[in-house]
Colleague: 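Submitted below is the structure of interest, expressed as structure tokens.
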Amino acid sequence: MFMKLIEIPLPQIFDWEAMKAYLSQHSLELLHPREEDWFYRWLNTGNESSLFRSTVDTQMNLIQIEVLHSSGVNNEEKIITEFVNEWWDLNRDLKSFYKIAKEDHLLAPLVEKSQGLRIGGIPDLWECAAWAIVGQQVNLSFAATLKNRLIQQFGEKIEWEGLEIWQFPSAEKIASLQPEELRPLAISQRKAEYLIGFSNMIVSGEIDKEKLRGFASAEEASQQLKKIRGIGKWSSNYILLRCLRYPDAFPLGDAALYNSVKKLLGMESKPTDDELLKLAENWEGWQAYATYHLWNA
DNA sequence: GTCCAGGATACTG
DNA sequence: CAGTATCATGGA
């Protein structure tokens, strides 16, 4: 039995099947386990925490959120609603993206097929950066394995009617570790240093979401992030795409991006950066959504 | 066995 | 300054 029901009107264009596919892509999703069409999430709200589950009612055009365990804080509903808004990018007006995408020979068939695809986000900056770091260079399934080991080793879990729901390890927890303590998880020495270094900057407040918001372009915000050890051009733009949601974030260097373009254009070899940037001239202002459609393809 | 994965940095000439 | 080596592991 749930304690409270929150309903959010569904944006006009929203592809629930695509969002479900993203949320379910790694077979073992500890942070938002799925049961039927419900996704469970255990959210920190300061010193307290809320457990909720959310789904989409496509008949009623509603997002439904059931609060299963309340934190008791008086702005809980607002916090959860804002989280889901960011998680599923509900407030994005995609009209101008579709306008340019329909004129683009690479994107046109993709947006036709995936109307309402919205970028699945990682609203927590620390969690997003950690995912970017463990995902550097290695294939996605191995990256997911590393993330799950981090969560199960250093995170916290609760159970709800037999279902386990985990919280990502806090920055404080990772900041308290030595790199050697992460090595047994098969995280490289370098990545262990990157993770601990980033977590320390979160703990000290040296970096936070507010400081990364409000830049006129992803490029400017990216320059801030790239000052951090372990965060290069790919990771900075990945974080801007998934967490800060700059629509013009463009993760140049992304292996999946090159492979997708190569396949879609029937190229002999992977496109060069110059070729990719040439294509991206048509996507000005919407590089993040163009990238996401290419990943999705 | 080799090559490549949603890269970034340290080192070398 | 640009190349190159290194890292971790697993799947193709």
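Being a predicted model, the structure only gives us computed values, none of them experimental. Quick note on labels: first sequence line is chain A, next is B, and so on, each numbered from 1.
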Colleague: Tell me whether A:L23 shares a hydrophobic cluster with A:F168, the cluster being built from Ile, Leu, Val, Met, Phe, Trp, Tyr side chains joined at under 4.5 Å.
Modeller: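 Hydrophobic grouping puts A:L23 with A:F168.
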Colleague: Can you tell me how far P of C:dG11 sits from CG of A:L140, to the nearest Å?
Modeller: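 Taking atom P of C:dG11 as the reference, CG of A:L140 is at 13 Å.
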Colleague: I'd like the C1' distance from B:dA5 over to C:dA2, given in whole Å.
Modeller: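 Per the computed distance, 25 Å lies between those C1' atoms.
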Colleague: DNA chain B: A:Y194 or A:Y22, which has the more 5' nearest nucleotide?
Modeller: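 Looking at DNA chain B, the more 5' nearest nucleotide goes with A:Y22.
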Colleague: For the P atoms, the ones on C:dA8 and on B:dA10, what distance do you get once it is rounded to whole angstrom?
Modeller: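 Roughly 14 Å separates the two P atoms.
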Colleague: Start at the 5' end of DNA chain B and walk down; is the nucleotide closest to A:W131 or to A:K226 reached first?
Modeller: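 The residue whose closest nucleotide sits nearer the 5' end is A:W131.
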Colleague: Give a yes or no on this: more than 12 heavy atoms of other residues, nucleotides or ligands lie within 6.0 Å of atom NZ of A:K78.
Modeller: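 12 or below, so no.
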Colleague: Tell me whether the count of non-hydrogen atoms from other residues, nucleotides or ligands lying under 6.0 Å of NZ in A:K226 goes above 12.
Modeller: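 Count over threshold, so yes.
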Colleague: What does the list of N/O pairs under 3.5 Å between the protein and nucleotides 8-10 of chain C look like, with a distance for each?
Modeller:
from: C:dA8; atom 1: OP1; to: A:Q189; atom 2: N; distance (Å): 2.1

Colleague: Does a donor on one side chain and an acceptor on the other come within less than 3.5 Å for A:W283 and A:T291?
Modeller: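 The criterion, which ignores hydrogens and geometry beyond distance, is not satisfied for A:T291 and A:W283.
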Colleague: Can you get from A:W42 to A:W160 by hopping between Ile, Leu, Val, Met, Phe, Trp and Tyr side chains that sit under 4.5 Å apart?
Modeller: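 Per the 4.5 Å side-chain linkage, A:W42 and A:W160 are co-clustered.
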Colleague: Could you state whether A:W16 and A:I13 fall into the same hydrophobic cluster, counting links through intermediate Ile, Leu, Val, Met, Phe, Trp or Tyr residues with side-chain heavy atoms under 4.5 angstrom apart?
Modeller: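 The answer is yes; both residues are in one hydrophobic cluster.
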Colleague: Taking CH2 from A:W234 and P from B:dA8, how many angstroms apart are they, rounded to a whole number?
Modeller: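 Roughly 7 Å, once rounded to whole Å.
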Colleague: Is there a path of hydrophobic side-chain contacts, each under 4.5 Å between heavy atoms, that joins A:I79 and A:I65?
Modeller: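 The answer is yes; both residues are in one hydrophobic cluster.
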Colleague: In whole Å, I'd like the distance from the CD1 atom of A:I239 to the C1' atom of B:dG7.
Modeller: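 So the two atoms are 12 Å apart, to the nearest Å.
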Colleague: Indicate, with a heavy-atom threshold strictly under 4.0 Å, whether A:K270 touches base, sugar-phosphate, or nothing.
Modeller: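 Answer is sugar-phosphate: A:K270 comes under 4.0 Å of backbone atoms only.
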Colleague: Any chance you could lay out the salt bridge (charged side-chain N to carboxylate O under 4.0 Å, His left out) test for A:E161 and A:R53, step after step, and finish with the verdict?
Modeller: CA-CA 13 Å; A:E161 295 178 354; A:R53 63 176 191 173; over 6 Å; no
Colleague: Using a 4.0 Å cut-off on heavy atoms, which residues in residues 240-262 of chain A reach DNA chain C? List them by number, or say none.
Modeller: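 Under 4.0 Å from DNA chain C: no residue of residues 240-262 of chain A.
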Colleague: Strictly below 4.0 Å, N to O, side chains only: are A:E156 and A:K173 in salt-bridge contact?
Modeller: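 Judged by the 4.0 Å cut-off on N to carboxylate O distance, A:E156 and A:K173 do not form a salt bridge.
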